[in-house]
Amino acid sequence: MELYSLTIHQLKEFLHKKEVSVLEVTRAYLERIKEVEPQIDALITITEEFALQRAKEADEKIKNGEAKDLTGIPVIIKDNISTEGIRTTCSSKMLENYVPPYNATVVERLLEEGAVILGKSNLDEFAMGSSTENSAFKTTKNPWDLSRVPGGSSGGSAAAVAADEAAFALGSDTGGSIRQPASLCGVVGMKPTYGLVSRYGLVAFASSLDQIGPFTKDVTDCAIVLNTIIGHDPMDSTSLKIDKPDYTSYLKEDIKGLKIGVAKEFFSTGIEKGVKETVQKAIKVFEDLGADIIDISIPYLEYALPAYYIIASAEASSNLARYDGIRYGHIAKNYEDLIDMYMTGRSEGFGKEVKRRIMLGTYALSSGYYDAYYKKALKVRTLIKNDFERAFEKCDVIVGPTSPTVAFKIGERTNDPLAMYLADIYTVSVNIAGLPGISLPCGLSDGLPVGLQVIGKHFDEGRIINVAYAFEQANKFNAKPQAIGGAR
Amino acid sequence: MAISKCEVEHVAKLARLKFSAEEIEEFTVQLSKILDYVNKLNELDTENVEPTAHIVPIHNVFREDEVKPSMDREKILINASYTENGCFKVPKIIE
């Protein structure tokens, strides 16, 4: 057993018993990163020096009996989450040299606990994409098959955890950007309820949909990380004041009598046979555990994706208007006047997909089209939200596939934006309705991981963790990514 | 085509983006395809449906207007390409 293949809760035990030091753990991970990174390309920045310094501080904490859950635990942060003094690029030329002068609240919370940041992970530029192929710097490879994508936009974080480059990682999920790559890489990924985790310091893409969440090796670790990162933050006016539960208290195997909803709409559009069968087997596991499987319907689900692309692009076009090159970011060297400086700098700094979304969003918000597109999409958002509310009158959680397919080939969808957008067909509705959702591995199809999605009511993360944990214990996922000699 | 070349050029101006002639062609085709797909929303009658801009039922969030220390000026200026006398420097806009 290698140190880098351990879960947070296993590492924590070794560290607290002083059987291993944080410095040893950190060095083991940094070695692992050097070993696999040439194949995986999950990271934009490796923060070796900072990590070793943090490791020494964490060892002091443990020595002084001040150890907490994440003290000395190595983590990788998606490169759209601000880290003070550490370059935060959003995988964009626009922010290639941007060094934030402050930490995101989630980063602050991890550092307070004594977590060790190893680096920043690759993403689709500004989190727009489903494969990391939209990164201006590199395409991350799926550790299960290096010719395939890891999913996106948090593909670097998902691949890093799958390849044992960190014990856990943080990502952000606007339309599936945590759950879909978690599914494709065979790890656990959760998008919490909108408002549960502070977005302060997360570079804004679509503010009414974005939410930060963890990638972990198992459900127990997901509960542990969630305990640290949630909570009200005065710096984010959309973060809610709620009592902080202890999510580890939901790590129970009993789900007898729990009502699990299954909607036929989650098994329709573009789903691969292998994915469908694997998820149906998973539903059988819930039945065997004594849960009641209830047929439900989300009639408007097929409208979630078109509504999402209008809402997300509209918000993005307005959020990305801030990149003028004056206070930070890429600035044009040659220009005629002020307007031309903006236009030249933005056109040089942004990649194609980002420009496509800015254009779509600007069009949807422009005079004469606002009602037809933006307002229409917001009305459909109401219908989808109501669909879920009605469904949750009949069941406690909803389960289904996270992604309609297993990991697809690099380059397969890059020339067809719509085909790429379809990767998020089963995840976007959850963001539209602001609900929490988890993806956990439930089996393999053609040797590639299939993700099971569990969706809950607002702020019902505890129940999701209960359901996911019960499944995980009954249906252990022991497969390892082979493409990198997987030592997990 | 759901959107014309002329409209794409207009939107690019609004979005402060610059494109080559080929890019305008490409975007016209791609955006048209995306808009055709999005027009699926028109299958739904939403006449009497209220829009949802935000999922969380919070509206205005207020705090006391207290003086607190803010970030150092130097720290804020560190990412700017052009600064002078502790300020951001911008091109001249008044003749």
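Within every chain, numbering begins at 1; the chains are lettered A, B, ... in the order of the sequence lines, protein sequences first and strands thereafter.
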Between [X] and chain A, which part of the residue has a heavy atom less than 4.5 Å away: side chain, backbone, both or neither?
{"X": "L31(B)", "value": "side chain"}
{"X": "Q30(B)", "value": "side chain"}
{"X": "V11(B)", "value": "both"}
{"X": "Y37(B)", "value": "both"}
{"X": "E47(B)", "value": "backbone"}
{"X": "I93(B)", "value": "side chain"}

Residues, nucleotides or ligands: over 12 heavy atoms within 6.0 Å of [X] [atom1]:
{"X": "R322(A)", "atom1": "CZ", "answer": "yes"}
{"X": "K385(A)", "atom1": "NZ", "answer": "yes"}
{"X": "H232(A)", "atom1": "NE2", "answer": "yes"}
{"X": "K333(A)", "atom1": "NZ", "answer": "yes"}
{"X": "E389(A)", "atom1": "CD", "answer": "yes"}

Heavy-atom side-chain proximity of [X] to [Y] below 4.5 angstrom:
{"X": "R16(B)", "Y": "I339(A)", "answer": "yes"}
{"X": "I76(B)", "Y": "R327(A)", "answer": "no"}
{"X": "K13(B)", "Y": "M343(A)", "answer": "yes"}
{"X": "P234(A)", "Y": "R63(B)", "answer": "no"}
{"X": "T238(A)", "Y": "H54(B)", "answer": "yes"}

Taking side chain as everything from C-beta outward and backbone as N, CA, C, O, which of these in [X] sits under 4.5 Å from a heavy atom of chain B? Side chain, backbone, both or neither.
{"X": "A377(A)", "value": "both"}
{"X": "Y308(A)", "value": "neither"}
{"X": "L360(A)", "value": "both"}
{"X": "K355(A)", "value": "both"}
{"X": "E348(A)", "value": "neither"}
{"X": "F459(A)", "value": "neither"}
{"X": "D416(A)", "value": "neither"}
{"X": "M359(A)", "value": "both"}
{"X": "I310(A)", "value": "side chain"}

Find the one option among [options] whose heavy-atom pairs under 4.5 Å with chain B are most numerous.
{"options": "P101(A), A321(A), S317(A), G325(A)", "answer": "P101(A)"}
{"options": "L435(A), D324(A), T193(A), L305(A)", "answer": "L305(A)"}
{"options": "A372(A), S237(A), S366(A)", "answer": "S237(A)"}
{"options": "Y342(A), F350(A), Y373(A)", "answer": "Y373(A)"}
{"options": "I311(A), L320(A), L240(A), N386(A)", "answer": "L240(A)"}
{"options": "Y194(A), Y328(A), Y102(A), Y421(A)", "answer": "Y194(A)"}

Give me the atom names and distance for the closest heavy-atom approach of [X] to [Y].
{"X": "A2(B)", "Y": "Y363(A)", "result": "O-OH, 4.1 Å"}
{"X": "S81(B)", "Y": "G329(A)", "result": "OG-O, 4.3 Å"}
{"X": "K352(A)", "Y": "E26(B)", "result": "NZ-OE1, 3.2 Å"}
{"X": "A80(B)", "Y": "I326(A)", "result": "CB-O, 3.5 Å"}
{"X": "K40(B)", "Y": "Y303(A)", "result": "O-CE2, 3.5 Å"}

Say you draw a straight line from [atom1] of [X] to [atom2] of [Y]; how long is it, rounded to the nearest 0.5 Å?
{"X": "E302(A)", "Y": "L44(B)", "atom1": "CD", "atom2": "CG", "answer": "8.0 Å"}
{"X": "I34(B)", "Y": "Y309(A)", "atom1": "CD1", "atom2": "OH", "answer": "9.0 Å"}
{"X": "Y369(A)", "Y": "E7(B)", "atom1": "OH", "atom2": "CD", "answer": "3.5 Å"}

Check E84(A) with K75(B), please: is the shortest side-chain N to carboxylate O separation under 4.0 Å?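 E84(A) and K75(B): salt-bridged.
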Main-chain N/O of I55(B) paired to R381(A) side chain as donor or acceptor, under 3.5 Å: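 No; zero donor-acceptor contacts below 3.5 Å.
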Quick check: does any side chain N or O of T46(B) sit under 3.5 Å from a backbone N or O of K376(A), one acting as donor and the other as acceptor? no
Sort out for me which of [options] touches chain A most, counting heavy-atom pairs under 4.5 Å.
{"options": "I3(B), N79(B), N39(B)", "answer": "N79(B)"}
{"options": "V56(B), T83(B), V90(B)", "answer": "V56(B)"}
{"options": "L17(B), V61(B), I78(B)", "answer": "L17(B)"}
{"options": "K89(B), K92(B), K33(B), E43(B)", "answer": "E43(B)"}

